[in-house]
Amino acid sequence: MAMLNSFGSGVRISQEWLQVDMLLVRGRRKRIIEGSEQDQMRKEKKKIKNRASAARSRQKKIEKTKFMEEQVDELRKENTQMERLIKLMMEEEEEKAEETANRPSSLKRTFSTPW
């Protein structure tokens, strides 16, 4: 016994098992009955793809973390070098300031015009 519903899909009903196979015209995808062999295969395929995707994501995360840790190490080294450079420049500036303070002034006040 075959009937057509309002969506234009055919429905086959067998008297023995009352098994229903539906074809959707709109989505052009075959609807798979839950628990069938096709459904099990589809689910297994999806699991495999999901595991592979998760493994790729984990690997990508590991690589990104490793890259960021390397960057942190490089930036710390650069920061240490800059701190040393700043300290050295400050020491030189202090020495120059001491030399300037200890040196007698060579400038003398003079009058350029008579009053």
side-chain contact (heavy atoms from CB on, under 4.5 Å) filter on Lys66, not counting sequence neighbours, yields Glu70
dist Arg51:CZ -> Lys49:NZ (nearest 0.5 Å) comes out at 14.5 Å
query = Thinking salt bridges, do Asp39 and Lys43 make one under a 4.0 Å N-O criterion?
reply = yes
Discussion item. For Lys60 and Arg56: C-alpha separation, side-chain torsions, deciding distance, then whether side-chain contact (heavy atoms from CB on, under 4.5 Å) applies.
Written reply: CA-CA 6 Å; Lys60 198 174 182 181; Arg56 284 192 306 271; over 6 Å; no
OG (Ser57) and CG (Asn50) are apart, to the nearest 0.5 Å, by 9.0 Å
Under 3.5 Å, side-chain donor or acceptor atoms of residues 79-101 against the rest of the protein: list the pairs with distances, not counting sequence neighbours.
from   : atom 1 : to    : atom 2 : distance (Å)
Thr80  : OG1    : Arg76 : O      : 2.9
Thr100 : OG1    : Lys96 : O      : 2.8

- Side chains of Gln59 and Glu63 in contact at under 4.5 Å (non-hydrogen atoms): yes
